[in-house]
Participant: 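One structure, as structure tokens, below. Some questions next.
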There are 2 protein chains.
Amino acid sequence: MSKSKLTVEDEAGALKAAIAAENRRVTSYDVAQLAGVSQSAVSRCFKPGASVSRGTYALVMKAAALLDYIPNAAARSLITRRSHMVALIITSQANLYYPELLAEVSQQMTARGKRVLLFTLQREADVDRVLADIWQYQVDGVIAAARLSPSHIAEFDRRRMPVVLFNRQLRDHTVNTVTCDHLESGRMLASRLAAAGHRQFGIIAGNDDYSVASERQRGACERIAELGLPAPVVVPGAYDYRSGALGLKAIIAQLGSVPDAIICGSDVMAIGCLDYARHELGLDVPGQLSVAGFDAVEPSNWISYNLTTLRQPLPKMAAAAAELLCARIDQHDTGTERRVFSAQFIEGATARLTPAGAPAAIGAPSLRLPVAIM
Amino acid sequence: MSKSKLTVEDEAGALKAAIAAENRRVTSYDVAQLAGVSQSAVSRCFKPGASVSRGTYALVMKAAALLDYIPNAAARSLITRRSHMVALIITSQANLYYPELLAEVSQQMTARGKRVLLFTLQREADVDRVLADIWQYQVDGVIAAARLSPSHIAEFDRRRMPVVLFNRQLRDHTVNTVTCDHLESGRMLASRLAAAGHRQFGIIAGNDDYSVASERQRGACERIAELGLPAPVVVPGAYDYRSGALGLKAIIAQLGSVPDAIICGSDVMAIGCLDYARHELGLDVPGQLSVAGFDAVEPSNWISYNLTTLRQPLPKMAAAAAELLCARIDQHDTGTERRVFSAQFIEGATARLTPAGAPAAIGAPSLRLPVAIM
DNA sequence: TTGTATGCGTTATCAC
DNA sequence: GTGATAACGCATACAA
């Protein structure tokens with residue numbers, strides 16, 4: 001080691017100390033100085049596909065490593081007008097019942113080089129407050145799993161902010177949407193149950209906050225009417241466990257008897273309904289009552305429940321949302337598109353069913369499992 | 001309406017058109033021009049507590065509204081060196097099992113004027129990849145619900161990045177942490193079960209990814225040893241439903257008989273264990289076997305389970321994490337602190353228990369519920 | 001390939 | 001209270 005010649009490591013140490021003394025961050029200028037090149041050369045080294053010689057690249061990267069230099073995304077976004085951040089608006093409730101959605105979206109965005117800025121809503125009405133924040137933060141786009149009003153959509157348009165609605169519809173507006181066909185799901189479930197001989201339905205719907213459950217209810221009611229079956233008893237719910245129990249109680253009170261089948265707007269309500277039927281009312285499910293839900297949440301698959309339900313292809317839907325959004329952001333694709341997925345029927349064991357495709361058995365005596373094997 | 005005099009609205013329209021034509025954003029200069037003041041005046045109007053006269057304030061705000069002006073957070077953070085963003089690192093699995101955590105943290109941070117930039121990990125090892133992103137994005141601080149190595153912590157220190165560990169410990173390092181006393185929880189559970197006469201324990205632990213479950217296991221084992229009871233059979237698990245069933249099977253195989261009680265590292269495993277015990281093995285729980293978990297997740301409270309478990313005060317813990325982090329960010333509080341919360345015992349109905357505080361009944365015949373009422 | 005000069009949109013400093 | 005001017009840290013057009 002010669003004393004007269006400073007190594008680059010020594011220089012780096014001195015520079016770092018100076019920077020720390022000035023209480024500022026390491027910038028591309030510092031790296032440039034240490035590497036003996038210009039600031040723009042440093043900038044180019046951190047831009048994939050820029051034209052830099054191997055020599056300078058090596059020099060710059062060594063200097064950057066010695067200084068712990070990381071480019072500042074805020075400064076970069078100021079000039080490139082891309083923050084590589086995407087806002088995700090989701091209700092606390094939705095995250096509670098579909099926690100996998102968040103992870104899926106996050107993974108999908110990460111895979112596309114974007115980060116997720118999270119906005120959770122206690123109530124759907126809080127959306128106004130978060131929008132102001134979103135504009136400030138210069139996100140490149142928004143995935144909204146919350147109800148947006150037409151005026152919100154207009155504001156997105158006005159600010160040229162790409163947006164994808166997730167499981168929310170907005171009639172008469174051209175917005176990118178990713179949904180599951182909830183109307184079809186409701187119809188499918190009603191069809192399968194009717195085919196197995198169920199005649200009198202009860203429906204535990206949702207409240208107005210969440211259009212998904214009302215779509216499902218509408219589909220089921222439509223199909224039931226088409227089949228000429230008695231009008232179902234419909235009661236509202238709040239998507240939670242308790243609503244399932246209260247809903248069943250209300251339906252029985254209103255009907256004066258136990259219906260053949262209960263269709264619940266969500267699995268958690270179905271599970272609440274199921275537990276109440278079995279453990280409080282002592283009903284044999286599916287012997288005396290069929291119960292079905294939607295979503296195939298994790299507990300629906302547990303041995304105690306083994307719920308008859310329909311699964312939304314959430315991973316596919318999250319991927320589609322990410323894809324649509326990134327197409328608008330990166331390729332400036334201005335066309336709007338609606339991607340509609342179909343739910344998958346999960347037979348489970350809480351509803352009496354005839355095999356799919358079997359001749360309809362409306363009015364025929366339904367299959368009863370022998371009590372012995374229950 | 002006079003033709004000769006342009007209203008401010010007309011001017012605003014023309015200005016907006018010009019801006020759109022140049023394909024640039026509305027800036028504080030545009031607002032200044034429209035309001036007839038300087039750009040600095042506009043800036044001050046958007047800074048709470050700055051000295052601006054009522055007149056200019058009104059002028060500026062009107063112009064800003066007409067132009068849909070919103071300050072650019074990226075530019076602001078460049079000079080203030082505050083992004084008002086906080087990174088939250090969480091494993092997909094943790095979000096799956098404790099979805100409320102995310103909403104709590106998000107709400108707490110929002111209440112403190114900060115946004116959450118989300119980083120989900122498929123595996124704990126992915127933490128290296130996200131850290132590089134975090135440095136780029138100039139977040140003000142980090143809440144990490146993932147395992148950080150000592151070298152990670154060193155890097156946080158080096159970059160002077162405030163960090164709070166959530167439910168993770170790091171021995172011999174001075175970091176802000178918020179945890180639940182999992183060791184104590186494990187001890188408490190073992191004590192209560194032992195007091196009710198359970199002698200032979202099985203433990204379904206976790207894998208090394210998640211220190212929480214091993215702490216719980218250690219606490220339980222410690223206490224069991226202290227009480228002079230037979231050594232428990234410990235098998236690993238992966239925190240999921242299936243692990244509960246497989247764990248019970250393995251424990252019975254290893255022991256050659258059914259133990260008195262199973263302690264599971266998480267509720268989901270406890271539920272898996274419970275379902276397997278009741279529905280596959282036909283065991284009477286808690287008559288023949290007691291099962292207990294940790295966390296008091298939502299399904300643990302459902303009628304079908306009514307699990308004996310311990311609840312972490314997640315809302316309090318999230319608030320504490322937010323508070324600690326914001327203290328370091330906003331008040332430059334450099335002291336490190338460990339906030340340790342106690343879990344709350346939930347009696348449930350899957351374990352035979354004597355009332356808390358009753359004399360220990362080790363070795364005494366345990367209470368058995370008559371089979372008739374099961 | 002490399003360096004120079006400029007601008008992104010804001011806040012901060014300082015005269016006035 | 002108000003306005004000029006200088007940063008903040010980077011990317012990019014352009015000249016070399």
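Predicted model, so just to flag it, every value in this text is computed and none were measured. Chain letters run A, B, ... following the sequence lines, proteins first and then strands; every chain starts at 1.
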Participant: Which heavy atom of B:Ile143 sits nearest to which heavy atom of B:Ala321, and what is that distance?
Facilitator: CD1-CB, 4.2 Å
Participant: With salt bridge (charged side-chain N to carboxylate O under 4.0 Å, His left out) as the test, pick out the partner of A:Lys16 among A:Asp10, A:Asp68, A:Asp30.
Facilitator: A:Asp68
Participant: Between B:Glu124 and B:Arg147, is there a donor-acceptor pair closer than 3.5 Å when you use the side chain of the first and the backbone of the second?
Facilitator: yes
Participant: Students often get this wrong, so: under 4.0 angstrom with heavy atoms, is A:Ser40 touching a base, only sugar-phosphate, or nothing?
Facilitator: base
Participant: Please identify which of these residues, A:Leu117, A:Leu121, A:Leu165, A:Thr120, meets the side chain to side chain contact (heavy atoms under 4.5 Å, CB included) condition with A:Ile89.
Facilitator: A:Leu121
Participant: Could you give the CZ-to-P distance, from B:Phe46 to C:dG9, as a whole number of Å?
Facilitator: 15 Å
Participant: For A:Leu59 and C:dT1, what is the distance between atoms CG and P respectively, to the nearest whole Å?
Facilitator: 16 Å
Participant: What is the distance, rounded to the nearest whole Å, between atom CD of A:Glu22 and atom P of D:dG9?
Facilitator: 11 Å
Participant: What's the closest nucleotide to the side chain of B:Ile79 if the choices are C:dG9, D:dA7, D:dG1?
Facilitator: D:dA7
Participant: So, under a plain 3.5 Å distance rule, would you say the side chain of A:Ser28 forms a donor-acceptor pair with the base of D:dA11?
Facilitator: no
Participant: If you compare every side-chain N and O of A:Thr56 against the phosphate oxygens of C:dT2 (OP1, OP2), does one of them come in below 4.0 Å?
Facilitator: yes
Participant: Tell me the closest heavy-atom pair linking B:Arg112 and B:Ala319, and the distance in Å.
Facilitator: NH2-O, 4.1 Å
Participant: Counting heavy atoms from C-beta on, name the nucleotide in D:dC10, D:dG3, C:dG3 closest to the side chain of A:Val37.
Facilitator: C:dG3
Participant: Give A:Val52 one of three labels, base, sugar-phosphate or nothing, depending on what nucleic acid heavy atoms sit under 4.0 Å from its own.
Facilitator: sugar-phosphate
Participant: What is the distance, rounded to the nearest whole Å, between atom CZ of B:Arg82 and atom P of C:dA12?
Facilitator: 12 Å
Participant: Nearest nucleotide by nearest heavy atom, which residue falls closer to the 5' end of DNA chain D, B:Ser38 or A:Arg44?
Facilitator: B:Ser38
Participant: For A:Trp135 and C:dG9, what is the distance between atoms CH2 and P respectively, to the nearest whole Å?
Facilitator: 18 Å
Participant: Hey, is the side chain of B:Arg81 pairing donor to acceptor with the base of D:dG9 inside 3.5 Å?
Facilitator: no
Participant: Between C1' on C:dG9 and CD on B:Gln33, what's the gap in Å once rounded to a whole number?
Facilitator: 16 Å
Participant: Can you find a side chain N or O atom of A:Lys47 that sits less than 4.0 Å from OP1 or OP2 on D:dC10?
Facilitator: no
Participant: Classify A:Thr80 by what it touches in the nucleic acid, base, sugar-phosphate, or nothing, heavy-atom distance under 4.0 Å.
Facilitator: sugar-phosphate
Participant: Contact class for B:Tyr29 vs. all strands (heavy atom < 4.0 Å): base, sugar-phosphate, or nothing?
Facilitator: base
Participant: Between the side-chain atoms of A:Arg24 and the base atoms of D:dG9, is any donor-acceptor pair under 3.5 Å?
Facilitator: no
Participant: Examine D:dA11: is either OP1 or OP2 under 4.0 Å from a nitrogen or oxygen in the side chain of A:Ser43? Give yes or no.
Facilitator: yes
Participant: Which nucleotide wins on minimum distance to the side chain of A:Arg76, given the candidates D:dC10, C:dT2, C:dG9?
Facilitator: D:dC10
Participant: Do you know which two heavy atoms are closest between B:Asn176 and B:Gly335, and how far apart they sit?
Facilitator: OD1-O, 3.8 Å
Participant: Any idea which of C:dG9, D:dT2, D:dC10 is nearest the B:Leu78 side chain?
Facilitator: C:dG9
Participant: State which of D:dG3, D:dG1, D:dC10 makes the closest approach to the side chain of A:Tyr69.
Facilitator: D:dC10
Participant: Taking the six-membered ring for Trp and the full ring for Phe, Tyr or His, determine whether the centres of A:Tyr69 and B:Trp135 are under 6.0 Å apart.
Facilitator: no
Participant: Could you tell me whether A:Ser51 contacts a base, only the sugar-phosphate backbone, or nothing, with contacts defined as non-hydrogen atoms closer than 4.0 Å?
Facilitator: base
Participant: How many Å lie between NE2 on B:His84 and P on C:dT11, as a whole number?
Facilitator: 10 Å
Participant: Any donor-acceptor pair, under 3.5 Å, between the side chain of B:Gln39 and the base of D:dA4, if you only look at N and O atoms?
Facilitator: no
Participant: When you get a sec, tell me which of D:dG9, C:dG9, D:dT2 is the closest nucleotide to the side chain of A:Arg25?
Facilitator: D:dG9
Participant: Nearest-Å distance, CG (B:Asn72) to C1' (D:dG9)?
Facilitator: 14 Å
